[in-house]
Amino acid sequence: MANVAVIGAQWGDEGKGKVVDWLASRAEIVVRFQGGHNAGHTLVVGDKTYKLSLLPSGIVRGKLGVIGNGVVLDPDALLGEIAKVREQGLEVGPHNLRIADTVPLILPLHPALDQARERARGGDKIGTTGRGIGPAYEDKVGRRAIRLCDLAEPETLSAKLDELLLHHNALLTGLGAPLFDKAPLLDKLLALAPLLLPYAEPVWERLDAARKEGRRILFEGAQAVMLDVDHGTYPYVTSSNTVAGNAAAGSGVGPDAIGLVLGIAKAYATRVGSGPFPSELHDAIGERLGERGREFGTVTGRKRRCGWFDAAMVRQAVKLGGVQGLVLTKLDVLDGLEELKICVGYRVDGQEMNRLPPGMKAQAAAEPIYEVMEGWAGSTMGARSYAELPAQAVKYVRRIEELVEAPVMMLSTSPDRDDTIALRDPFAG
Ligand code: IMP
């Protein structure tokens, strides 16, 4: 039995929540392997809407949720989210949520640094979610992070806090931001220990055993390839590797465990935060996409920038992310548009190219080269088979497949989980 990994193929917010939920209902274990509570997945199940940031989506479907070592975990955010979904009637506890004992923790000093740095950048902001994601990953790589397992060792915790504060308070001093004292942080972590440690375990062992038993594992990516710290539009990226390869390192399994890689892409494009966006629209069509697509960030409520589908970029994401099949979402948002454009490449300083250049200046200067297609008059909303789609909509999907060099394996035609056209069971191998 194959496993499946799902990643974003644009700049995030591709509608992963619904797709992951659909897949989770067919999986037995759902694993988050990177990112943190900067992610936002909205799941609509019957008359209930769940907004998850940190919890693996499978929790909603009664599946085992695993938070891998590649995630950065904010304990307050986790406990808050657990309390919220419990209020909505879900059961969450150590029986259905396991967390890697090596996961690095986000402490209050991380969002403080994230926000102080963004303020200091002035007009050159990255546009982060302000949740401390970047600083937490920096501490992990800098070998200063407090990890979940440290909560079981009060002396280790105390010594590590000294080192962490030395580093952070020096930075915060330079930025003119308030400093942190050790005692309240230590008290807070010691108080969190009994709440969090029951969830902690070497999840790699559980995943290894699950593989041997042939259980279906879904690896749930957050953010997207163009926000990948290595491959995205650097420095306007998040601080983790969002490509499917990181599902292995971020959860402690081998690369052969990842299985089929699905990339999710909207039938148009959106981005929150700063950074290059060659096919961005600053006109009435962009506004219309934003309104019809309800393009407001799940986490920060920020209005998303909207534009035409960028096939050159998605093609790049397909190659970088190891995407074998595409899931196309929100096709219905394009219903009724007379004309559609697809970005097929860029013009940079008079030179044509079919991929984004790496340099900041060149990326900012990249002008889209468009292919124009006729739109469709009918509705694609709620379609559950290709036969129900207007012929021109099918043509649009087929053209995207050609341009991005990956087959469309699933189409999502409304927020409802059942309004999905699936061409095959991704877990079938
Ligand atoms: P950070 O991950 O908070 O450091 O933010 C870095 C960049 O990634 C910013 O442009 C954010 O808007 C973007 N970002 C982070 N998480 C998401 C997400 O889940 N969806 C879309 N954009 C995101």
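Whatever order the structure lists ligands and atoms in, that order sets their numbers, starting from 1.
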Q) Between Phe309 and Leu328, does a side chain to side chain contact (heavy atoms under 4.5 Å, CB included) hold up when you go through it step by step? A) CA-CA 11 Å; Phe309 187 84; Leu328 206 60; 4.2 Å; yes

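- From the protein, the heavy atom lying nearest to atom 6 (C) of ligand 1 is Val237 O, 3.3 Å.
- Interface of Trp11 with ligand 1, defined as ligand atoms under 4.0 Å from a residue heavy atom, comprises 21 (C), 22 (N).
- Of the options Arg302, Lys330, Arg305, Arg271, a salt bridge (charged side-chain N to carboxylate O under 4.0 Å, His left out) to Glu295 is made by Lys330 and by none of the others.
- Only the side chain of Arg302 comes within 4.0 Å of ligand 1, judged by heavy-atom distances.
- Contact atoms of ligand 1 toward Val272: 10 (O), 12 (O), 21 (C), 22 (N) (distance under 4.0 Å to a heavy atom of the residue).
- Neither the backbone nor the side chain of Tyr236 comes within 4.0 Å of ligand 1, counting heavy atoms alone.
- Ion pairing between a basic and an acidic side chain is recognised when a charged N comes within 4.0 Å of a carboxylate O; Lys182 and Asp162 show such pairing.
- In this structure, Arg26 is positioned above the aromatic face of Trp22, its NZ or CZ under 6.0 Å from the six-membered ring centre and within 45° of the axis.
- Contacts of Leu227 with ligand 1, taken as heavy-atom pairs under 4.0 Å, involve the side chain alone.
- Of the protein's heavy atoms, Asp13 OD2, 3.1 Å lies nearest to atom 21 (C) of ligand 1.
- Counting the atoms of ligand 1 from 1 in the order shown, those under 4.0 Å from a heavy atom of Gly273 are 10 (O).
- Using a 4.5 Å cut-off on side-chain heavy atoms (C-beta onward), Ile59 and Leu64 make no contact.
- Among all non-hydrogen protein atoms, the one lying nearest atom 11 (C) of ligand 1 is Gly127 O, 3.5 Å.
- Judged by distance alone, the side chains of Asn38 and Gln223 do bring a donor and an acceptor atom under 3.5 Å apart.
- Of all protein heavy atoms, the one lying nearest to atom 2 (O) of ligand 1 is Thr238 OG1, 2.6 Å.
- Proximity to Ala39 (heavy-atom distance under 4.0 Å) selects the following atoms of ligand 1: 19 (O).
- Nearest protein heavy-atom contact of atom 5 (O) of ligand 1 is Thr128 CA, 3.3 Å.
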(Q) Applying side chain to side chain contact (heavy atoms under 4.5 Å, CB included) to Tyr346 and Glu352, what does each step give before you reach the verdict? (A) CA-CA 6 Å; Tyr346 313 100; Glu352 286 190 9; over 6 Å; no

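- If you check which protein heavy atom lies closest to atom 17 (C) of ligand 1, you get Gln223 CG, 3.5 Å.
- Residue pairs meeting the salt bridge (charged side-chain N to carboxylate O under 4.0 Å, His left out) criterion with at least one partner in residues 236-256, sequence neighbours excluded, are Arg211-Asp256.
- For atom 18 (C) of ligand 1, the nearest non-hydrogen atom of the protein is Asn38 O, 3.8 Å.
- Each of the following atoms of ligand 1 lies closer than 4.0 Å to a heavy atom of Ile126: 10 (O).
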Would you mind writing out the side-chain donor-acceptor pairs for residues 316-327 within the sub-3.5 Å range, not counting sequence neighbours?
unit_1 : atom_1 : unit_2 : atom_2 : d
Gln316 : OE1    : Leu356 : N      : 2.9
Lys319 : NZ     : Glu405 : OE1    : 2.6
Gln324 : OE1    : Val261 : N      : 2.7

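- In terms of polar-atom proximity, defined here as any N/O pair under 3.5 Å, Thr129 does make such a contact with ligand 1.
- In this model, a donor atom of one side chain and an acceptor atom of the other lie less than 3.5 Å apart for Asp139 and His168.
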